[in-house]
Structure formats: structure tokens, C-alpha cells
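Below is one structure; the comments refer to it alone.
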Amino acid sequence: MAEFLSPNYGKASNLATDVLINYSNGVLPIDLSYIISNIPDLGIMTFTEWYESLRPELPKWASTKDELIAPLGSPDSVLMPGNDQFLLLYNEEFIETRCRWNIAHELGHYFLCHIKTDYEVYTEVQEKEANCFARHLLTPFQLVWKIAELKNARSLMNLCNYFSVSHYVMEYTINNMNKYGRNVINEELQEKFKFYLATQELEKIS
């Protein structure tokens, strides 16, 4: 089957919304561990945990963690296929916001069915789609807009704290909201997070 010449951003963003509706616990920041715990054929480990689990049987060429990770092709994270389960590996040495981004990015590859062999490289299109998925998973437009309406969440820093993302990710999301519109409401997503939003002791901007 021929590959799309450009990323299918609509598919990626819609899938992220579906995941939030069907797998999340409806609170902010998005709980990625909770989402993964609800996916039967997906496990998650840090690079260190993976290395320690394999260390008794490691080949001579992989005597250190760095040597084991190098062939994976990414110092950040990777989605590894298995016989009956995928394994999401990530570098826990980064700051929390980057770890969350890397995990969300790999979830994008998983849900978008970007299946590859162990050392195969994703295409540029697949990487862009996974990035789009990650943005919409961690910073869904309608939830960012709702939080932004609240008085003590007006600053970029406060929004970053609510969603546990970097300034770069939040700025990108806000720019896209301004470009493509803020008022597209998914009723199921609104329902999923309504209890969380209702219980926040925040005053709306007058």
C-alpha cells in the first residue's frame, strides 16, 4: 500500500482524543501510566530497568547500558514489538516533561500502528504524526482553552504546570489553537473531564 506523502494530522489528533476518552482517568495532567495500564498488550520500562532485566544474559558487545541502547536508534525512547506484547522503553534521565513527551510520542506510534522491526527507522511522516498525537494527547485544545479561562491559569507557566508539559509544547499548542480554532468541542471528552474541571477551586475570569 502506498504511503501518504504528507502526515495525516486529522487521524492522529482524532486518535489522541479517542484514547483520552477510552483510556484516561479524566484528570490533569494526563496520567500516561494510567493509560498504559489499560492497554493489555503494552508494557513500559525505563532504559535502566530494561538493562537490569537483561543484564544476566547480555551479549559481550552490550556490557553497558549505553552499548545496549545504542542500536535502538534513539536516546529518548523506543517502541519495541514482541511476540504478544509491545514494550515502550524511555530514558528516565531526562526531566519529567521531556519523559512525558517521549512516552506520549511512542504511544502515538502504537495507536497509529506504525509497526516496524527492531532496528528499522520510522519515516518522517510517521514521526510527524506521532508528534501530533503526543501534542493532542498531552494538551487537548478544548481542555487547554477551558483551563486558560480560569483566572490563575492565565500565564503560560501556569498552563504548563496544569498539563505538565514544556513551554515549547504549550506555545505550539496555543499557536495551533489560534490558527485552527478553539471552539471545536467533543462532547465525550467534555464529559470525561467534567468532574475534574468542576472540582477545581479556580475562579473564572470576570
Side-chain angles (χ1 to χ4, degrees), residues 7 9-10 12-39 44 46 75-77 88 90-112 127-206:
Y9 292 127
S13 61
N14 288 337
L15 266 175
T17 300
D18 289 344
V19 170
L20 290 171
I21 293 168
N22 295 307
Y23 294 93
S24 80
N25 57 3
V27 301
L28 297 176
I30 303 303
D31 190 335
L32 299 176
S33 295
Y34 186 89
I35 290 174
I36 292 171
S37 72
N38 285 296
I39 305 172
I44 184 169
T46 67
D76 296 343
S77 56
L88 194 164
Y90 72 97
N91 189 340
E92 75 281 13
E93 296 179 2
F94 293 121
I95 62 173
E96 181 183 1
T97 53
R98 183 165 174 181
C99 287
R100 284 172 52 77
W101 173 265
N102 291 338
I103 292 170
H105 177 92
E106 299 304 334
L107 283 173
H109 286 310
Y110 172 85
F111 281 105
L112 288 159
E127 292 290 7
K128 288 181 177 180
E129 289 178 346
N131 282 339
C132 178
F133 177 96
R135 283 193 298 273
H136 285 272
L137 186 73
L138 295 175
T139 55
F141 281 10
Q142 72 187 72
L143 296 181
V144 172
W145 180 242
K146 184 69 175 178
I147 293 296
E149 290 180 325
L150 304 173
K151 187 171 184 179
N152 65 343
R154 298 174 76 175
S155 73
L156 181 64
M157 181 175 293
N158 280 335
L159 286 173
C160 290
N161 290 336
Y162 270 104
F163 291 88
S164 192
V165 296
S166 68
H167 281 205
Y168 174 81
V169 170
M170 185 55 70
E171 284 178 334
Y172 199 103
T173 294
I174 292 172
N175 288 339
N176 274 277
M177 287 170 59
N178 291 332
K179 183 177 180 180
Y180 298 111
R182 309 164 176 171
N183 299 321
V184 177
I185 301 299
N186 183 295
E187 297 295 339
E188 289 181 279
L189 186 63
Q190 195 81 0
E191 180 71 18
K192 185 76 176 186
F193 285 84
K194 75 172 185 179
F195 181 76
Y196 169 82
L197 294 171
T199 55
Q200 298 309 292
E201 296 180 1
L202 302 171
E203 296 180 1
K204 288 187 176 181
I205 299 173
S206 57

Legend entry - Residue pairs passing the side-chain hydrogen bond (donor to acceptor under 3.5 Å, both in side chains) test where at least one lies in residues 14-27, sequence neighbours excluded: none
Legend entry - Sequence-distant partners of Asp76, side chain to side chain contact (heavy atoms under 4.5 Å, CB included), two or more places apart: Ser74, Phe94, Arg98, Asn102
Inset, instruction - Quick one: do Val27 and Phe195 satisfy side-chain contact (heavy atoms from CB on, under 4.5 Å)? Show the steps, please. - result: CA-CA 9 Å; Val27 301; Phe195 181 76; over 6 Å; no
Legend entry - Side chain proximity check, Glu129 to His109, heavy atoms < 4.5 angstrom: no
Legend entry - Short side-chain to backbone donor-acceptor contact, Thr139 and His136, under 3.5 Å: no
Legend entry - Distance, nearest 0.5 Å, that separates CD of Glu187 from NZ of Lys194: 10.5 Å
Legend entry - Partners meeting side chain to side chain contact (heavy atoms under 4.5 Å, CB included) with Ser164 (sequence neighbours left out): Pro29, Glu96, Thr97, Arg100
Inset, instruction - With rounding to the nearest 0.5 Å, note down the distance linking NZ in Lys146 to CZ in Phe193. - result: 14.0 Å
Inset, instruction - First locate atom SG of Cys132, then atom CG of Asn176, and finally report the distance between them rounded to the nearest 0.5 Å. - result: 8.0 Å
Legend entry - Any Leu138 side-chain heavy atom under 4.5 Å of Val169 side chain: no
Inset, instruction - Would you check if Leu107 and Leu137 make a side-chain contact, meaning some heavy-atom pair closer than 4.5 Å? - result: yes
Inset, instruction - Mind checking side chain to side chain contact (heavy atoms under 4.5 Å, CB included) for Tyr168 and listing every partner two or more places apart, or none if nothing turns up? - result: Ser166, Tyr172
Legend entry - Partners meeting salt bridge (Lys or Arg N to Asp or Glu O under 4.0 Å) with Lys128 (sequence neighbours left out): Glu124
Inset, instruction - Nearest 0.5 Å please: distance from the CE atom of Met170 over to the OH atom of Tyr162. - result: 11.5 Å
Inset, instruction - Kindly compute the distance separating CD1 (Ile30) from CZ (Phe163), expressed to the nearest 0.5 Å. - result: 7.0 Å
Inset, instruction - Grab the two heavy atoms, one from Glu127 and one from His105, that are nearest each other, plus how far apart they are. - result: OE1-NE2, 2.7 Å
Inset, instruction - Kindly write out the residues that satisfy side chain to side chain contact (heavy atoms under 4.5 Å, CB included) with Glu188, not counting sequence neighbours, or none if the list is empty. - result: Ile21, Asn186
Inset, instruction - State, yes or no, whether a side-chain contact exists between Val165 and Thr173 at a heavy-atom distance under 4.5 Å. - result: no
Legend entry - Beyond-backbone contact of Leu20 with Lys192, side-chain heavy atoms, under 4.5 angstrom: no
Legend entry - 4.5 Å side-chain heavy-atom contact, Ile103 and Ile36: yes
Legend entry - Side-chain heavy atoms of Trp145 within contact of Met177, under 4.5 Å: yes
Inset, instruction - Look at the aromatic rings of Phe111 and Phe133 and report parallel, tilted or perpendicular, splitting at 30° and 60°. - result: parallel
